[in-house]
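Beneath this line is the structure, given in structure tokens, with notes to follow.
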Amino acid sequence: MARVKVAINGYGTIGKRVADAIDAQNDMEIVGVTKTGPSFGCEMAAKKGFDLYCTSDDKDMISSFEDSRFVCKGGLKDLLSKSDVVIDCSPGKMGATNLKKYQEAGVKSIFQGGEKHSLTGLSYTSCANHLENFGAETTRVVSCNTTGLSRTLVPLYDLCGSLKVECTMIRRAADPGDSNKGPINAIKPVLKVPSHHGPDVMTVKPEIEINSLAVAVPTTIMHVHAIIADLPENHGLTTEKILDIWKGTPRVIVMNGQGNRITTTAEVMEMARDIGRKWGDLHEIFVWEDGVRLIGNRLYYFQAIHQESDVIPENVDCVRALMKLEQSWTESVTKTDQAISRYYNI
Ligand SMILES: NC(=O)c1ccc[n+]([C@@H]2O[C@H](COP(=O)([O-])OP(=O)(O)OC[C@H]3O[C@@H](n4cnc5c(N)ncnc54)[C@H](OP(=O)(O)O)[C@@H]3O)[C@@H](O)[C@H]2O)c1
């Protein structure tokens, strides 16, 4: 069967990772990636053998590549003409302009969490609503935080039939490659209350009642979520049973923090570097076993999210949903994750 042709519009933090994850699969291929102009990121595209295009069709922008050592194959229109689906990894809030271009080119599209749900009217997380997205023209893979919340809450909801959740997102201030974001010496509460993160889960699983607060802290590695979830009466669960559910859930890692001496995000990231994925990524959500406790109907837990990478395999599954390659989300997740593991020889 012919491989699905995938374009990456925006080869930055998310785009370069998604490109590798797609490249690892045997049912899809990268037909090109885009940059605004020549920069160090083009080097990696060249090394990988990905064709390079400009994010724009503007002649001056395209010709800015001419004085560089990078070959630009054309503008966005040229790339779209070769593609079945485009994964938009542009900085947030460019979606409306880009969506128009994709629609004009007759190409399916996947946006990221920096765009609002209203842009596409549909959002995506593998474990929550793969089938709802089956054959869709356009959708949005939810943000790293929303993906993280969905990974642990959806299996719990599926078991209990009702969940009321309050959570606090302790957010990294900037990605490691950002030099223009902060705070660098402050703790910054998000003064829009509740924050958008929790309610965004309802775009993929509306049945979960959830609200959140958020605070940015001076770190570049990971977000931590402090979560309180109220289960229904007669839930029949124990702390141990909940841990067992998560241990059997794809893309969730449950580890004892004190026993393994992994009690901070720094150690979680060090463990991720040991695993051997490029960039030291951790696609899985990390749950501290000894930070989980069910008291009556109320569940308390912490989890950590590698913000740059948990959404990466979701984008692959999302291509399978839009292109009708795989109906079962669990089958897609297995295919995606096995292919990525082989790619990095893990
Ligand atoms: N970073 C995270 O932790 C994270 C996590 C989850 C979701 N997201 C979401 O993922 C999306 C991308 O974020 P990012 O962190 O990858 O951003 P980023 O590192 O700033 O990368 C953005 C990329 O888009 C390119 N670009 C600029 N203007 C464009 C345009 N008009 N059309 C297409 N591409 C354009 C940039 O090109 P140049 O390289 O030439 O400047 C760059 O390669 C956002 O929606 C964000 O909210 C980010």
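Start at 1 and go down the list; that is how both ligands and their atoms are numbered. Reckoned from all heavy atoms, side chains included, excluding hydrogens, waters and symmetry mates.
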Identify, with sequence neighbours excluded, every residue that meets side-chain contact (heavy atoms from CB on, under 4.5 Å) alongside T36.
->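 Applying side-chain contact (heavy atoms from CB on, under 4.5 Å) to T36 gives T55, M61.
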Between [X] and ligand 1, which part of the residue brings a heavy atom under 4.0 Å of the ligand: side chain, backbone, both or neither?
| X | result |
| --- | --- |
| D175 | side chain |
| C89 | backbone |
| M94 | side chain |
| N98 | side chain |

Between the side chains of [X] and [Y], is a donor N or O closer than 3.5 angstrom to an acceptor N or O?
| X | Y | result |
| --- | --- | --- |
| H283 | S309 | no |
| Q258 | D290 | yes |
| E314 | T147 | no |
| H235 | N297 | yes |

Students often mix this up, so state it plainly: with edges at 30° and 60°, are the rings of [X] and [Y] parallel, tilted or perpendicular?
| X | Y | value |
| --- | --- | --- |
| W288 | F286 | perpendicular |
| Y11 | F50 | perpendicular |
| W246 | Y301 | tilted |

Short N or O distance, [X] and ligand 1, threshold 3.5 Å exclusive:
| X | value |
| --- | --- |
| T13 | yes |
| Y11 | yes |
| G113 | no |
| S143 | no |
| G12 | yes |

Residue that, paired with V85, satisfies side chain to side chain contact (heavy atoms under 4.5 Å, CB included) out of K108, E137, K5 =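 It is K108, the one option of K108, E137, K5 that forms the side chain to side chain contact (heavy atoms under 4.5 Å, CB included) with V85.
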With L52 as partner, the option from T34, V33, V71 fulfilling side chain to side chain contact (heavy atoms under 4.5 Å, CB included) is V33
Is the closest basic N to carboxylate O distance between R17 and D310 below 4.0 Å?
-> no
Identify the closest protein heavy atom to [atom]: which residue and atom is it, and at what distance?
| atom | result |
| --- | --- |
| atom 36 (C) of ligand 1 | T36 CG2, 4.4 Å |
| atom 46 (C) of ligand 1 | G114 N, 4.0 Å |
| atom 9 (C) of ligand 1 | Q112 CB, 3.7 Å |
| atom 25 (C) of ligand 1 | G10 CA, 3.6 Å |
| atom 4 (C) of ligand 1 | I14 CD1, 3.6 Å |
| atom 26 (N) of ligand 1 | P91 CD, 3.5 Å |
| atom 44 (C) of ligand 1 | S90 O, 3.5 Å |
| atom 35 (C) of ligand 1 | T55 CG2, 3.5 Å |

Mind checking what makes ring pair (Phe, Tyr, Trp, His ring centres under 6.0 Å) contact with Y53, not counting sequence neighbours?
-> none
Is the shortest distance from atom 40 (O) of ligand 1 to a protein heavy atom below 4.0 Å?
-> yes
Per-atom contacts of ligand 1 with [X], taking only distances under 4.0 Å to non-hydrogen atoms:
| X | result |
| --- | --- |
| G92 | 44 (C), 45 (O) |
| Q307 | 2 (C), 3 (O), 4 (C), 5 (C), 6 (C) |
| R172 | 2 (C), 3 (O) |

Beyond-backbone contact of L76 with K101, side-chain heavy atoms, under 4.5 angstrom =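 Yes, at least one pair of side-chain atoms sits under 4.5 Å.
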